[in-house]
Number of protein chains: 2
Amino acid sequence: MTAPERSLRADARRNREAVLDAAAELFAQRGDAVQMDEIAERAGLGVGTLYRHFADKRALLAAIIGRRFEAITDLARAADEAQDPWVAFETLLYGYLESAEADAAFRFALLGPEEPSWNDIAAEKTDFSEITERIVRRAVDAGRLREDFRADDFVLITRGAMANMTGAGAWRRYVTLVLEGIRGPER
Amino acid sequence: MTAPERSLRADARRNREAVLDAAAELFAQRGDAVQMDEIAERAGLGVGTLYRHFADKRALLAAIIGRRFEAITDLARAADEAQDPWVAFETLLYGYLESAEADAAFRFALLGPEEPSWNDIAAEKTDFSEITERIVRRAVDAGRLREDFRADDFVLITRGAMANMTGAGAWRRYVTLVLEGIRGPER
DNA sequence: CTCTAACATGAACATGAACTCCGGTTCCGA
DNA sequence: TCGGAACCGGAGTTCATGTTCATGTTAGAG
């Protein structure tokens, strides 16, 4: 769905990137609410060109979300490098949430009611989930996370934080509270 | 905005109730997504009648939300009756969340991006906030909630839980985790 | 340089949902 | 019982947005 990267005429490839960049920025700011016409204008193109590259709005959004998931997966890999399991966990958590804070489209995709149907991006997502699971396990094994903590709980906490991303940095206070609740015996 | 209850012709009052009931049920099930035509049909009326009683969809939604806030305020008052401050707090929290679980429109109003603009219902909301503040203070004073816990934190937690109300009762697990983080020294 | 398949364009179209409007109906006081 | 003010119904209007397609424009192979 995302792309036939190769064998595009030079102008076509350039335009494709322009669309992706414009869409990423606008979606990040205002989520699903942006209109196709706006994206086209921002990219300096006609709407028709958008539809040459992406079947519909959903597909464009999916491409953007997929991109973000790749970025976040890199971020998770980096977090996993840390020796201290707790540092790894915190780095992952905050990295993830800071990305979400910067991208309304991403939040939209994860919080919205149709979240399940975003499995277009399953590939990117499962990579991320795998790494998350590993990091969580490390922290649990080291006694830094409560023994019954599971990767699913990471999703719960994360969703909760994203729901508190209106206006000021209230979500940081929220995370502070939650971290207290999920800590294990070792500190 | 909500109502001139008195001096409505008998049929008008009856129809108004029918609209309110139909809207409450449909909004509770599917939130903002229901259409005015559906509500009219469910109430056994024409759309015109809806618009005779409510200026627009927003106003109708606001009326429903206001109703829910009244119910929840009663619930909070009841919780405040409990002698044990922790019991009062837990009763409030779970009562609130169970109401939210049963009403998608309510969640929509509180989670949506335009939450601030729902101040049409300020009256009902402030009553509730007052009681919440009292209950929180009691629990803090008794050492059952961490010393720095504020009523605002109740909102954070609550929003987080509502964001996890897709499908199964995942939000209960979530609350379990969070409660651990906000407890005070006394148990 | 030429020719054509690939590409771009944006006005026009399709869709869907909120809202209006006026002819017809009903309530209710006298 | 009767008059008319209040009320109802629902087809039609309006508006906002995603999507198409006939026409014009280029990249790039030969």
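Please read all numbers here as calculations on a predicted model, not as lab measurements. Order of the sequence lines fixes the chain letters, A, B, ..., with proteins taken first and strands second; residue numbering starts at 1 for each chain.
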Atom-to-atom span, CD of B:E41 to C1' of C:dA17 - whole angstrom: 15 Å

Under-4.0 Å side-chain N/O to phosphate OP1/OP2 contact, A:H53 with C:dC7: no

Along DNA chain D (nearest heavy atom to each residue), the more 5'-positioned of A:R14 and B:L45: B:L45

Working for salt bridge (charged side-chain N to carboxylate O under 4.0 Å, His left out), residues A:D56 and A:R58: CA-CA 5 Å; A:D56 52 26; A:R58 233 192 119 68; over 6 Å; no

B:D56 or B:D11, whichever maps to the more 5' nucleotide of DNA chain C: B:D56

DNA chain C-proximal residues of residues 26-38 of chain B, any heavy atom under 4.0 Å: B:V34, B:Q35, B:M36

Nucleotide C:dT15, atom P - distance to NZ of A:K57 in whole Å: 18 Å

B:R42 side chain near B:V34 side chain, heavy-atom distance below 4.5 Å: no

Toward the 5' end of DNA chain D, by each residue's nearest nucleotide, B:G48 or B:R9: B:R9

Side-chain donor-acceptor contacts of residues 66-76 of chain A below 3.5 Å, not counting sequence neighbours, with atom names and distances?
from  : atom 1 : to     : atom 2 : distance (Å)
A:R67 : NH2    : A:D21  : OD1    : 3.2
A:R68 : NE     : A:D103 : OD2    : 3.2
A:T73 : OG1    : A:F69  : O      : 2.6

Electrostatic pair B:R77:B:D127 at N-O distance under 4.0 angstrom: no

Closest approach of B:A55 to B:A59 (non-hydrogen atoms, all atoms of both residues): N-CB, 4.1 Å

Rounded (10°) bend between the five-pair end axes of the helix from C:dC1-D:dG30 to C:dA30-D:dT1: 0°

Candidate nucleotides C:dG10, C:dC27, C:dT9, ranked by approach to the side chain of A:V47 - the nearest: C:dG10

Please list, one pair per line, the donor and acceptor atoms closer than 3.5 Å that link side chains of residues 80-88 of chain A to other protein atoms, with sequence neighbours excluded.
from  : atom 1 : to     : atom 2 : distance (Å)
A:D80 : OD1    : A:R138 : NH1    : 2.9
A:D80 : OD2    : A:R134 : NE     : 2.8
A:D80 : OD2    : A:R134 : NH2    : 3.3
A:D84 : OD1    : A:W86  : N      : 2.7
A:D84 : OD1    : A:V87  : N      : 3.3

Earlier contact from the 5' end, DNA chain C, for A:A12 and B:A10: A:A12

Under-4.0 Å side-chain N/O to phosphate OP1/OP2 contact, A:N15 with C:dC7: no

Sugar-phosphate, base or nothing in reach of B:L50, heavy atoms under 4.0 Å: nothing

Exercise: identify the closest heavy-atom pair between B:V136 and B:F149: CG1-CD2, 3.7 Å

Beyond-backbone contact of B:E101 with B:W171, side-chain heavy atoms, under 4.5 angstrom: yes

Sequence neighbours excluded and cut-off under 3.5 Å, please list the side-chain donor-acceptor pairs for residues 154-161 of chain B, or say none.
from   : atom 1 : to     : atom 2 : distance (Å)
B:T158 : OG1    : B:F154 : O      : 3.0
B:R159 : NE     : A:A163 : O      : 3.1
B:R159 : NE     : A:N164 : OD1    : 3.2
B:R159 : NH1    : B:L110 : O      : 2.7
B:R159 : NH1    : B:E115 : OE1    : 3.3
B:R159 : NH2    : A:A163 : O      : 2.9

Span of DNA chain D in contact with chain B (heavy atoms, under 4.0 Å): D:dA5 to D:dA11

Heavy-atom closest pair, residues A:F27 and A:A104: O-CB, 3.8 Å

B:L60 CG - C:dC19 C1' separation (whole Å): 13 Å

Any donor-acceptor pair under 3.5 Å from A:R107 side chain to A:A100 backbone: yes

